[in-house]
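Here's the structure, in structure tokens; my notes come after.
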Amino acid sequence: MSDIKSKEVSAGSHPFKEIEAKWRKFWEDNGHHTADLNDSAKKLYSLVMFSYPSGEKLHIGHWYNYGPADTWSRKKKMEGFNVFEPMGYDSFGLPAENFALKSGVHPAISTAANVDYIREQLKQIGAMYDWSKELATSDPQYYRWTQWLFLKFYEHSMAVRKEAPVNWCPSCKTVLANEQVINGRCERCETEITHKNLKQWFLRITRYADRLLAGLDRLDWPAKTIAMQRNWIGRSEGSEIFFTGEKSGERIPVFTTRADTLFGVTYIVLAPEHPLVEKITVPECRQAVIEYVERSRRLSEIERLSTVKEKTGAFTGSFALNPINGERIQIWIADYVLYSYGTGAVMAVPGHDQRDWEFATKFNLEIRQVIEPSDDSSFDLARGAFEDYGRMVNSREFTGLDSRIGMNKVTEKLKSQGQGDFRVNYKLRDWLISRQRYWGAPIPIIRCEKCGDVPVSESELPVLLPNIRNFHPTGEGESPLATSPEFVNVRCPRCGGGARRETETMDTFVDSSWYFLRFLDPAYEKGPWDHDLVRKWLPIDMYIGGAEHAVMHLMYARFFCMFLFDIGLVHFDEPFLKLRHQGSITSKGSKMSKSRGNVINPEHFLERYGSDTLRMYLMFMGSYSLGGDWDDSGINGISRFLGRVYRLVSKYASEIKTRFPLAYSAIDQMDAGLNHRLNLTIKHVSGDIETLEFNTAIAACMELVNDLQKVSESQRLNNNQFYYSLQTLVLLMAPMAPHLAEELWSMIGGSGTIFSQAWPQADPQALALNTITMVVQVNGRLRGNFDVPAGIDEDAFFKIVSQDERVGKFIEGRQIVKKVFVPGKLLNIVIR
RNA sequence: GCGAAAGUGGCGGAACUGGCAGACGCGCUGGACUUAGGAUCCAGUCCCGCGAGGGGUGAGGGUUCAAAUCCCUCCUUUCGCACCA
């Protein structure tokens with residue numbers, strides 16, 4: 001028995017307190033988790049999404065992400081990979097800042113304290129994190145380079161300051177990127193979003209829309225995540241068509257995917273924000289139009305986007321000319337047209353677009369048919385629009401053409417006349433990165449009245465966040481940094497005159513778009529990263545994190561990578577080759593949060609069951625990718641299981657030790673059943689950990705242990721096969737219960753760390769059994785199991801089973817119509 | 001509204017390309033060891049039936065020798081999108 005004895009141990013389990021502390025110290029003292037980054041021959045960069053420290057500590061959901069991901073990494077390590085598994089903190093941003101505001105402690109102080117706390121929590125997971133490479137995005141050493149990268153974007157005209165209607169969260173008092181608006185609400189605080197027209201900094205991600213789309217084909221990612229990115233980019237092929245203002249002669253471009261319906265246009269609609277509205281509205285309609293524009297500005301995003309809302313709008317009194325036939329049509333404004341998509345104006349075809357149909361019906365505008373069903377089926381324009389493709393009618397020379405052909409012909413004709421062209425549109429908008437908040441990386445720009453925007457020179461970086469007392473958001477669309485004269489007032493680097501610093505800070509997603517590059521050497525001073533190391537270690541081989549980042553972080557990081565590739569700073573354009581999401585752990589049916597009061601903290605379970613048990617229980621609960629609702633009622637089972645393994649191995653530890661290390665080839669008398677079980681376990685555990693199906697990997701270990709337990713009870717252990725099996729069990733469990741496995745490994749004679757051992761390989765010969773169980777069905781109903789030699793053929797098998805009473809009584813005197821034989825599986829006898 | 005995924009014992013969940021439904025665990029029942037046990041070990045545990053046997057994977061239909069698995073309709077849940085022209 002082990003010399004470790006603990007009174008504090010939860011009865012039945014293993015002495016986890018001593019074991020876990022002992023091995024964590026061992027790993028740390030021996031630098032086992034410090035990867036040798038110079039050796040990249042068999043490198044494996046395994047990354048989990050780093051955490052953002054807010055006031056809330058790590059909860060069970062973080063463990064669910066990090067523990068199993070580490071299990072995968074540890075198995076890869078035993079397979080001989082040089083694994084680099086770093087960890088850091090996304091420590092800028094709203095969660096940290098909001099906590100600081102609430103607690104009244106300056107975010108620099110509270111964040112540092114939270115990071116210290118979280119670091120200790122992370123260490124309890126017992127993961128292979130290389131702590132020598134820890135980083136925090138709020139560290140000047142880090143954000144110096146975030147600013148440096150911003151300047152690269154700026155240099156290449158990829159960072160631009162422009163006025164645009166932007167999303168404003170009245171509660172967080174800052175603008176938000178489109179991606180941070182969920183159903184018209186703030187992603188963080190769920191407050192309804194309003195709109196403001198502000199001059200803001202954008203990164204031109206739209207320039208990469210096609211590349212971001214094309215790159216998806218090369219990625220080993222969950223199909224759903226790829227689909228979400230596709231939808232978010234929202235590529236749409238169509239035509240841009242120029243209508244002409246009747247009086248002003250103004251060109252009014254519209255975007256349509258259905259140029260074949262051009263003859264069915266009975267009016268056009270501008271978004272209320274469209275700049276032409278002012279110009280073309282006739283005096284008699286001015287009052288109504290102004291009221292309508294005002295009204296839609298006041299409406300919240302939610303109200304405006306509501307699809308059940310009745311269509312509203314106003315007539316401008318002006319007319320436009322249809323370029324295909326010169327027809328004179330009314331120009332309306334309506335909020336169902338979005339200013340930010342396409343050209344902010346649409347041609348309305350009420351006969352063939354349901355939205356236009358609803359609008360036309362309400363305002364008594366003409367509904368005209370220009371497409372008929374190709375299959376000559378009937379439809380009723382009085383009941384709704386006919387939106388399918390079909391055959392063109394009432395369309396002059398295009399009449400009779402198929403929609404798809406017709407839309408090309410129509411566009412080509414317009415193109416030849418300079419009245420239109422083919423055009424691709426995207427839903428993706430440029431990435432708004434300005435934030436009117438304190439806790440972020442200051443945008444390194446100086447605004448000079450004479451010289452305009454002047455970038456801070458690289459040697460002046462970082463632009464340090466000033467240590468100001470009042471870091472509250474002002475709420476007026478201005479950053480708190482604007483209240484610090486020492487910060488704001490500078491000399492223009494170009495002309496030397498008085499100038500003002502940009503006071504906005506960058507969106508936190510900018511920080512996290514490149515952290516995986518910095519991890520290799522977070523202290524590097526000659527650049528954002530060491531090119532040699534990046535060349536050796538990137539891209540990321542495995543990235544595990546939550547699905548909630550499907551279109552934000554994961555899109556931004558890809559964009560960064562492509563840009564950096566284009567300007568020659570990295571050698572690859574997709575950062576994450578393989579991505580997997582863990583499911584989310586809910587509590588009482590809903591997402592864990594402090595406000596709901598349903599946060600499950602790991603401390604209690606660590607205290608009572610230990611780290612290995614908690615990690616394994618999280619993996620055993622169910623499918624890793626689906627997650628589930630937290631329920632601790634089963635954790636006893638894992639605790640008991642680890643206790644049983646501990647007792648079983650300890651019981652025979654000295655026996656194994658005298659024979660250690662046991663080789664498979666050295667087994668003398670082989671029990672085929674046990675050997676089959678052992679090798680089957682190796683096969684299952686290997687495959688299941690690889691595909692993150694931890695629950696069945698654990699189940700396989702349990703089956704092996706149940707068998708070994710029986711062998712132990714029956715005293716059939718006078719050969720070394722049993723000992724070999726125990727030795728292998730310890731290896732198989734090492735990635736899942738790392739502390740316990742180290743302890744057992746040393747107990748049976750191992751030295752150093754078990755993670756330098758080779759991962760067990762299944763013996764294919766042992767997997768193939770001599771005797772197998774086959775089943776017999778009569779008319780599809782199960783009638784018996786038979787142990788027969790593997791490889792038995794149909795006739796031989798039928799001979800055996802037909803003589804057996806279990807089957808014989810069903811087929812006796814009946815006519816056999818057919819026999820279906822599946823080798824190695826079953827025989828189905830069909831009778832009449 | 002549109003799209004995707006899922007629905008299996010009292011519970012969490014297994015079941016490879018259609019081939020023994022319910023692995024593994026929780027819980028429960030009984031037993032052993034015990035002064036005691038919320039420890040440990042053993043046995044049992046989908047439903048009906050004494051039994052032979054029958055029924056059973058959200059509901060209904062279909063394909064097949066054979067369906068949890070494939071197809072159709074419907075219901076429920078989760079997630080994503082939501083006037084994107």
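Lettering of chains follows the sequences in order, A, B, ..., and the numbering in each one begins at 1. Just so you know, these numbers come straight off a predicted model, no measurement behind them.
- Among the nucleotides B:G80, B:C83, B:A21, the one closest to the side chain of A:L782 is B:A21.
- Between A:E190 and A:R185 no salt bridge is recorded (no basic side-chain N to carboxylate O distance below 4.0 Å).
- For B:G9, the base is syn relative to its sugar; the glycosidic angle is within 90° of 0.
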Please output the side-chain donor-acceptor pairs of residues 691-701 of chain A that fall under 3.5 Å, not counting sequence neighbours, one pair per line with the distance.
| unit_1 | atom_1 | unit_2 | atom_2 | d |
| --- | --- | --- | --- | --- |
| A:T691 | OG1 | A:G687 | O | 3.0 |
| A:T691 | OG1 | A:D688 | O | 3.4 |
| A:T691 | OG1 | A:E693 | OE1 | 2.5 |
| A:T696 | OG1 | A:D688 | OD2 | 2.8 |
| A:T696 | OG1 | A:E693 | O | 3.1 |

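- Here A:T696 does not reach the OP1 or OP2 of B:A23: none of its side-chain N or O atoms lies under 4.0 Å away.
- The residue A:Q777 sits close to a base: some heavy atom pair falls under 4.0 Å.
- Rounded to the nearest Å, the gap between the P atom of B:C20 and that of B:U69 is 13 Å.
- Looking only at atom types and distance, the side chain of A:T771 has no donor-acceptor partner in the side chain of A:D787 under 3.5 Å away.
- Between A:T343 and A:W232, the residue anchored nearer the 5' end of RNA chain B, judged by the nucleotide with its closest heavy atom, is A:W232.
- Residues A:E387 and A:R258 are not paired through a salt bridge, judged by the lack of any N-O separation under 4.0 Å between the basic side chain and the carboxylate.
- Here the closest heavy-atom approach between residue A:L176 and residue A:L432 is recorded as O-CD2, 3.5 Å.
- A:R781 has no side-chain polar atom (N or O) that falls below the 4.0 Å cut-off from OP1 or OP2 of B:A52.
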query = Hey, mind stepping through A:F722 and A:Y652 against ring-ring contact (aromatic ring centres under 6.0 Å, His included) and telling me if it holds?
reply = CA-CA 10 Å; A:F722 173 72; A:Y652 300 101; 4.9 Å; yes
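- Taking the C1' atoms as reference points, B:A67 lies 22 Å from B:U76, given to the whole Å.
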message = Would A:E237 and A:R235 count as a salt bridge (charged side-chain N to carboxylate O under 4.0 Å, His left out) here? Give the steps.
response = CA-CA 7 Å; A:E237 287 182 23; A:R235 185 189 151 98; 2.9 Å; yes
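- Between A:L726 and A:V649, the shortest heavy-atom contact is CD2-CG2, 4.3 Å.
- The C1' atoms of B:G55 and B:A68 are separated by 16 Å, rounded to the nearest whole Å.
- Remark: A:N706 is in phosphate contact with B:G25, judged by side-chain N or O atoms under 4.0 Å from OP1 or OP2.
- Helical stems in RNA chain B, defined as runs of 3 or more consecutive Watson-Crick or G-U wobble pairs with donor-acceptor distances under 3.5 Å: B:1-7 with B:75-81, B:10-12 with B:24-26, B:27-32 with B:40-45, B:46-48 with B:53-55, B:58-62 with B:70-74.
- Taking every heavy atom of both residues into account, A:N598 and A:M592 meet most closely at OD1-CA, 3.3 Å.
- Applying the 4.0 Å criterion to OP1 and OP2 of B:A85, one finds that A:Y336 has every side-chain N and O outside that range.
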note = In B/S/- notation (B base, S sugar-phosphate only, - none; protein heavy atoms under 4.0 Å), nucleotides 6-12 of chain B written 5' to 3' is ------B
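- Residue A:T256 places its side chain closer to B:A85 than to any other of B:C83, B:A82, B:A85.
- Within residues 825-832 of chain A, the residues approaching RNA chain B are A:K825, A:L826, A:N828, A:V830, by heavy-atom distance under 4.0 Å.
- Distance check on atom C1': B:G12 versus B:C2 gives 33 Å, rounded to whole Å.
- Side-chain N/O atoms of A:R640 include one lying less than 4.0 angstrom from OP1 or OP2 on B:A39.
- Atom P of B:C33 sits at a distance of 44 Å from the matching atom of B:U57, rounded to the whole Å.
- Contact annotation: A:K224 does not reach the phosphate of B:A4 (side-chain N/O to OP1 or OP2, under 4.0 Å).
- Residues passing the ring pair (Phe, Tyr, Trp, His ring centres under 6.0 Å) test with A:Y341: none are found, sequence neighbours excluded.
- Within the 4.0 angstrom heavy-atom criterion, no nucleotide atom of any strand lies near A:R230.
- Listed in residue order, the members of residues 804-816 of chain A having a heavy atom less than 4.0 Å from RNA chain B are A:K809, A:F810.
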